[in-house]
Amino acid sequence: RIRGGSGLGDSLYLRPICEYLARAGNTVTVMSNFADVFLDSGVAVEPFRRDRVDMIAHYVGGKHNHGTTLWQDMCAHAGVSVPLRFDWTPRNKRLLRKIEQDAAGRPVLLVHGGREPMGRRDKFGIELLPFEGAFNATIAALDDCFKVRIGRGDQLYPVTCDLDLSNQTSVADVLDIAAASAGVVSMCGFPVPLAEALDKPALFIWSSRGLAAAHDFIRTVTPSKILSKASSRFVVDDWPVEILQESARQFREALACAS
């Protein structure tokens, strides 16, 4: 019986650990409110709880260790060493066909932004929200891509995309879109493990307010701590627009190479 944190991103991080334990011959039950994440993983799922567990895979204990990533901290807490990846077989073929048809040959990007950081409604961590202008300037430079916006909850500012599926997808749908996409563009959040676990190139727009936040928990949410793979790039929202756009163009070139 294993748990991590309670969020969607926590469950995405947990899946490779759970699969590793199951392949080692253990009967694994994960505590998660996101059962879709564990489809075809060989593990059982129960609603999230903090008690009655045998193993915890969390990152909090390593937040102030500047020499490790969040993923390394989680593995160390669980006492395992596991690659951050898992396979996903898309299910919603009707949705994927629509996206492919609408994209008309353009590379598909999954986009997430302009929402409450960490899904919190009490405004804790609001500093992690990138500035609207910087976010939209970055994705505007990817004008030859077909951008699909996903996510739940209130829209704090508009994000210009070709297809808006906000509040219309299941977790499995989001995994389907990510698996079928050329890459991911997002604010910091669950798309980090989503992209990295599926080995998708990603560009993350970081918040300068978050990096300078008064609260220590928020201030330690840095690119060097959160991002684990070389395929993940970042920009910061107080960089000049020209640098944001050039970074986006370099990301676009990386997508072409990856394809």
Side-chain angles (χ1 to χ4, degrees), residues 1-91 110 112 118-119 170-181 183-184 186 188-202 204 220-232 258:
R1 296 174 63 83
I2 181 172
R3 76 162 180 89
S6 61
L8 174 55
D10 298 299
S11 289
L12 290 164
Y13 278 120
L14 263 181
R15 175 162 175 165
I17 296 175
C18 292
E19 288 185 329
Y20 169 81
L21 295 170
R23 286 195 300 268
N26 298 284
T27 299
V28 179
T29 301
V30 60
M31 309 295 114
S32 170
N33 293 329
F34 302 95
D36 282 3
V37 171
F38 300 93
L39 290 169
D40 296 333
S41 66
V43 307
V45 184
E46 293 183 5
F48 180 80
R49 63 187 301 163
R50 289 183 168 83
D51 61 338
R52 293 179 55 202
V53 297
D54 305 304
M55 180 183 291
I56 299 175
H58 214 295
Y59 54 83
V60 173
K63 279 186 70 67
H64 295 94
N65 186 341
H66 299 295
T68 59
T69 65
L70 180 151
W71 173 243
Q72 291 170 332
D73 294 337
M74 286 188 64
C75 287
H77 198 182
V80 299
S81 180
V82 184
L84 175 53
R85 73 169 312 278
F86 61 80
D87 295 323
W88 180 263
T89 302
R91 288 163 170 74
L110 181 146
H112 181 267
M118 301 185 291
S170 66
V171 171
D173 290 338
V174 170
L175 279 155
D176 283 357
I177 298 167
S181 70
V184 172
S186 176
C188 180
F190 75 83
V192 174
L194 179 67
E196 294 194 332
L198 296 177
D199 286 327
K200 294 294 179 177
F204 297 101
T220 55
V221 180
T222 64
S224 62
K225 190 65 177 177
I226 303 301
L227 305 181
S228 300
K229 294 193 173 181
S231 54
S232 294

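All values reported here derive from a predicted model rather than from experimental measurement.
- Taking both residues in full, the closest heavy atoms of Ala57 and Leu14 are given as CB-CD2, 3.7 Å, listed atom of the first, atom of the second, then distance.
- Closest approach of Pro16 to Pro83, counting heavy atoms only: CB-O, 3.6 Å.
- With Lys225 as the fixed residue, the side chain to side chain donor-acceptor pair (under 3.5 Å) test singles out one of Asp73, Asn65, Thr220, Thr69: Asp73.
- Here the side chains of His112 and Phe190 are in contact, with some heavy-atom distance below 4.5 Å.
- Phe204 approaches Pro191 most closely through the heavy-atom pair CZ-O, 3.8 Å.
- Shown are Leu84, Val28, Val80, Val43; of these, the side chain to side chain contact (heavy atoms under 4.5 Å, CB included) with Ile17 is made only by Val80.
- Side-chain contact check for Ile226 versus Trp71: every heavy-atom pair is 4.5 Å or farther apart.
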Criterion side chain to side chain contact (heavy atoms under 4.5 Å, CB included) on Cys18 and Phe38, from CA distance to verdict: CA-CA 9 Å; Cys18 292; Phe38 300 93; 4.2 Å; yes

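- Atom OG1 of Thr68 sits about 12.5 Å away from atom CE of Met74, to the nearest 0.5 Å.
- Side-chain contact between Leu12 and Phe34: absent, with no pair of heavy atoms (C-beta onward) separated by less than 4.5 Å.
- Atom OG1 of residue Thr89 and atom CG of residue Leu175 lie 11.0 Å apart, to the nearest 0.5 angstrom.
- The closest donor-acceptor contact from the side chain of Asp176 to the backbone of Asp173 lies at 3.5 Å or more, if one exists at all.
- In this structure the side chain of Val37 never reaches within 4.5 angstrom of the side chain of Ser32, judged on heavy atoms.
- Residues passing the side-chain hydrogen bond (donor to acceptor under 3.5 Å, both in side chains) test with Ser224, sequence neighbours excluded: Thr222.
- The shortest distance between side-chain heavy atoms of Arg49 and Arg3 does not fall below 4.5 Å.
- Shortest non-hydrogen contact noted between Phe48 and Gly4 is CE1-O, 3.5 Å.
- For OH of Tyr20, the number of neighbouring non-hydrogen atoms (other residues, nucleotides, ligands) closer than 6.0 Å is 12 at most.
- Between His58 atom NE2 and Tyr13 atom OH the span is 12.0 Å, to the nearest 0.5 Å.
- For the atom pair CD (Glu19) and CZ (Arg23), the distance works out to 6.0 Å, reported to the nearest 0.5 Å.
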Derivation and outcome, side chain to side chain contact (heavy atoms under 4.5 Å, CB included), residues Lys200 and Leu110: CA-CA 10 Å; Lys200 294 294 179 177; Leu110 181 146; over 6 Å; no

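- Minimum interatomic distance between Gly67 and Gln72 (heavy atoms only, all atoms of both residues): O-OE1, 4.1 Å.
- Taking 4.5 Å as the limit, some side-chain heavy atom of Val221 sits within range of a side-chain heavy atom of Cys188.
- Between Ile2 and Val53 there is no side-chain heavy-atom pair separated by less than 4.5 Å.
- Under a 4.0 Å N-O distance rule, the pair Asp40/Arg91 qualifies as a salt bridge.
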Test side chain to side chain contact (heavy atoms under 4.5 Å, CB included) applied to Val192 and Ser232, step by step: CA-CA 8 Å; Val192 174; Ser232 294; 5.6 Å; no

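- The shortest distance between side-chain heavy atoms of Asp36 and Leu39 falls below 4.5 Å.
- With salt bridges taken as basic N to acidic carboxylate O contacts below 4.0 Å, none links Asp54 and Arg52.
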